[in-house]
S.K.: 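Next up is a structure, given as structure tokens.
Throughout, numbering of the chain's residues begins at 1 and tracks the sequence.
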Amino acid sequence: MKAIDRNILRLAIPSIVQNVTVPLLGLVDIAIVGHIGDATYIGAIAVGSMIFNVMYWLLGFLRMGTSGLTAQAVGRNDHRAIRAMLSNALKWGLLCGLTIVVAQIPLRWLSIWLMGPSEEIATLVRTYFNICIWGAPATLSLYALTGWFIGLQDTRTPMTVSILQNVVNIACSLLFVYGLGLRIEGVALGTLVAQWSGLALAVWAMARKLKKIPASPQATPASSNESDGRGTSLFRVNRDIFLRTVCLVAVNLFFTAAGARQGDLILSVNTLLMTLFTLFSYVMDGFAFAGEALGGKLYGARNWEGFHALVRRLLLWGAFMVVLFTATYALGGKPFLSLLTNHHEVIEAATPYLPWALLIPLAGVAAFIYDGLFIGITATRGMLLSSAIATAVFFPLHFTLSPHLHNHALWLALIAYLLLRGIIQAVWLRRTL
């Protein structure tokens, strides 16, 4: 195996493991509340988790912007910029987290109004929200630290932190719910303790790494104001990533809402089939993180030959994953759906749409790989434009075809959206470098 492949896998595999632990935590929370009362508790956890997932997803620039600029500083051997990126990222994370805490009352009202749960579920959601909101500073600071670690070519520390958070969350939730007799408050407190525990471990790891990074500035061949982690560069990167994330959130939320408007059966079908997309994304996100770290480092060092070699190898790994996942879904798609539900009506209704799910790996692979590379080289304007154009195509395509193709139009629009993002970014990268 080539050295570049070993480096890719060294960074990708821990990120994949980290990604896999995330849904396990949600399943445990649901399993706990599923045994303490009626279905309203499950609904409350689902709504409450969705509120925080969307909120934090929109602030994902705290991780992505930090990783690219830090990786470039590593490539330039610019110790001052590495430290500056850490300082500024933590300031952004704390500021955003504290702002959310201060604005929690209007945020809670707006979130529940947008989700529209029943009053019984809404009451439980308010309880869950009022506790978990105090974890915002920890979560968003951890976003900043995670980006910094990835930029330092370290994905093992974020993986370790994620595993610790899951273990603490599960243990505390079980203790609070079954040991102390709390209900949804216990699950929320378990999440809160896990968030701050994860931050504590990350800060400890950060302190250890800082000891190895000299405080004195280094002479760098390619240093510039654009990559020193201060001023307009960080603001521009974060702004572009935030707006790009708004496009992604708009498409994903509309996809769910459009399925819901077609009835409970179609909503269930789309939810099951999107699980296939989620599984593929867990793996491809790992390769995207490798692209961020290695791509940013090579870009910072102005090693163009190494950078283009990295692009080729990532695309080859992506092609391998496309073949693997497509073959797996083609051979085991229907049996896999049977593992997720025993409702034969839903499985049969999903069968006509299964070919669309089989196209997800092929349509989406380039978007994942180029997202990672673009974050690494902080070509955030290209990310924003590709997402904005793809989003602008998604909605008209759906509304034009839905009267004739119904749910097939929704899936066609999604496939076109994924494919277009990757194509635009590929063209943009070729013309930029």
Side-chain angles (χ1 to χ4, degrees), residues 3-18 62-94 138 140-165 196-231 233-234 237 286 288-303 306-307 310 372 375-378:
I4 190 170
D5 291 316
R6 288 196 295 271
N7 285 332
I8 289 173
L9 294 178
R10 174 179 60 84
L11 293 168
I13 291 176
S15 297
I16 294 170
V17 173
Q18 177 188 354
L62 291 167
R63 185 201 67 76
M64 291 182 278
T66 303
S67 65
L69 291 170
T70 303
Q72 291 177 31
V74 169
R76 298 192 313 274
N77 197 32
D78 190 342
H79 300 147
R80 178 185 62 82
I82 293 173
R83 286 176 169 270
M85 273 309 310
L86 173 63
S87 175
N88 281 278
L90 283 175
K91 289 177 183 176
W92 275 81
L94 282 172
L140 296 178
S141 296
L142 189 55
Y143 272 27
L145 285 171
T146 298
W148 190 68
F149 289 134
I150 293 173
L152 292 178
Q153 319 296 295
D154 175 15
T155 55
R156 290 189 178 184
T157 297
M159 177 191 70
T160 303
V161 170
S162 181
I163 292 174
L164 170 78
Q165 284 185 305
W196 284 100
S197 298
L199 178 62
L201 177 60
V203 168
W204 175 78
M206 174 200 73
R208 293 191 63 187
K209 287 189 177 295
L210 282 175
K211 291 180 181 179
K212 302 177 183 179
I213 301 173
S216 58
Q218 298 293 306
T220 57
S223 61
S224 68
N225 291 333
E226 191 68 16
S227 303
D228 68 357
R230 300 177 297 171
S233 175
L234 184 60
V237 167
F289 287 178
E292 291 179 31
L294 295 173
K297 181 179 179 180
L298 293 168
Y299 182 83
R302 299 301 188 260
N303 184 349
F307 183 84
L310 172 67
I375 291 170
I377 66 175
T378 56

S.K.: To the nearest 0.5 Å, how far apart are OG1 in Thr146 and CE in Met159?
M.R.: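 Rounded to the nearest 0.5 Å, the OG1-CE separation comes to 12.5 Å.
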
S.K.: Would you please test Leu142 and Arg63 for side chain to side chain contact (heavy atoms under 4.5 Å, CB included) and show each step?
M.R.: CA-CA 8 Å; Leu142 189 55; Arg63 185 201 67 76; over 6 Å; no

S.K.: Could you report the tightest heavy-atom contact between Ala290 and Ile8, atom names first, then the distance?
M.R.: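 So the minimum-distance heavy-atom pair works out to CB-O, 3.7 Å.
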
S.K.: Do side-chain atoms of Ser87 reach the backbone of Ala84 as a donor and acceptor pair under 3.5 angstrom?
M.R.: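 Flag not set: sc Ser87 to bb Ala84 has no pair under 3.5 Å.
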
S.K.: Once you round to the nearest 0.5 Å, how far does CD of Gln72 lie from NZ of Lys297?
M.R.: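 If I round to the nearest 0.5 Å, the distance is 13.5 Å.
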
S.K.: On a heavy-atom basis, which atom in Ala301 and which in Gly75 lie closest, and how many Å separate them?
M.R.: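 Between these two residues, the closest heavy atoms are CB-O, 3.3 Å.
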
S.K.: Which heavy atom of Ser67 sits nearest a heavy atom of Glu292, and at what distance?
M.R.: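 For Ser67 versus Glu292, the nearest heavy atoms are OG-OE1, 2.6 Å.
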
S.K.: I'd like to know if the side chain of Trp148 reaches the main chain of Ile82, judged simply by a donor and an acceptor atom lying under 3.5 Å from each other, with no hydrogens or angles considered.
M.R.: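 Side chain of Trp148 to backbone of Ile82: a pair is present.
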
S.K.: Please check: side-chain N/O of Ser162 versus main-chain N/O of Pro158, any donor-acceptor pairing under 3.5 Å?
M.R.: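 No; zero donor-acceptor contacts below 3.5 Å.
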
S.K.: Got a second to check how far Thr160's OG1 is from Leu201's CG, nearest 0.5 Å?
M.R.: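 Interatomic distance, Thr160 OG1 to Leu201 CG, rounded to 0.5 Å: 7.0 Å.
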
S.K.: Run Met206 and Leu90 through side chain to side chain contact (heavy atoms under 4.5 Å, CB included) and show every step you take.
M.R.: CA-CA 11 Å; Met206 174 200 73; Leu90 283 175; 4.0 Å; yes

S.K.: Minimum heavy-atom separation for Asp154 and Thr157, please, with both atom names.
M.R.: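 Nearest pair, atom of Asp154 first, then Thr157: OD2-OG1, 2.6 Å.
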
S.K.: Taking atom CG of Leu152 and atom OG1 of Thr66, what is their separation to the nearest 0.5 Å?
M.R.: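 One finds 11.0 Å between CG of Leu152 and OG1 of Thr66.
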
S.K.: If you compare all heavy atoms of Val237 against all heavy atoms of Gly65, which two are closest, and at what distance to 0.1 Å?
M.R.: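 Val237 and Gly65 have their closest heavy atoms at CG1-CA, 3.5 Å.
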
S.K.: I need the Ile150 CD1 to Leu145 CG distance, nearest 0.5 Å.
M.R.: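 Taking CD1 in Ile150 and CG in Leu145, the distance rounds to 11.5 Å.
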
S.K.: Is the side chain of Gln153 donor-acceptor paired with the backbone N or O of Ala293 at a distance under 3.5 Å, no angle test?
M.R.: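 Yes, Gln153 side chain to Ala293 backbone: donor-acceptor pair under 3.5 Å.
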
S.K.: Does any non-hydrogen side-chain atom of Leu199 lie less than 4.5 Å from one of Val161?
M.R.: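 Sidechains of Leu199 and Val161: no contact.
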
S.K.: Just verifying a value: how many Å separate Arg156 CZ and Phe149 CZ, rounded to the nearest 0.5 Å?
M.R.: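 Arg156 CZ to Phe149 CZ: 14.5 Å, rounded to 0.5 Å.
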
S.K.: Check for a donor-acceptor pair, side chain of Thr155 on one end and backbone N or O of Leu11 on the other, with a separation under 3.5 Å.
M.R.: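 Judged by distance alone, yes, a pair lies under 3.5 Å.
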
S.K.: For His79 and Ile213, work out which heavy atoms get closest and say how close.
M.R.: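 Taking every non-hydrogen atom into account, CB-CG2, 3.9 Å.
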
S.K.: Within a reach of under 6.0 Å around CZ of Arg10, are more than 12 heavy atoms found that belong to other residues, nucleotides or ligands?
M.R.: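 More than 12 within 6.0 Å, yes.
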
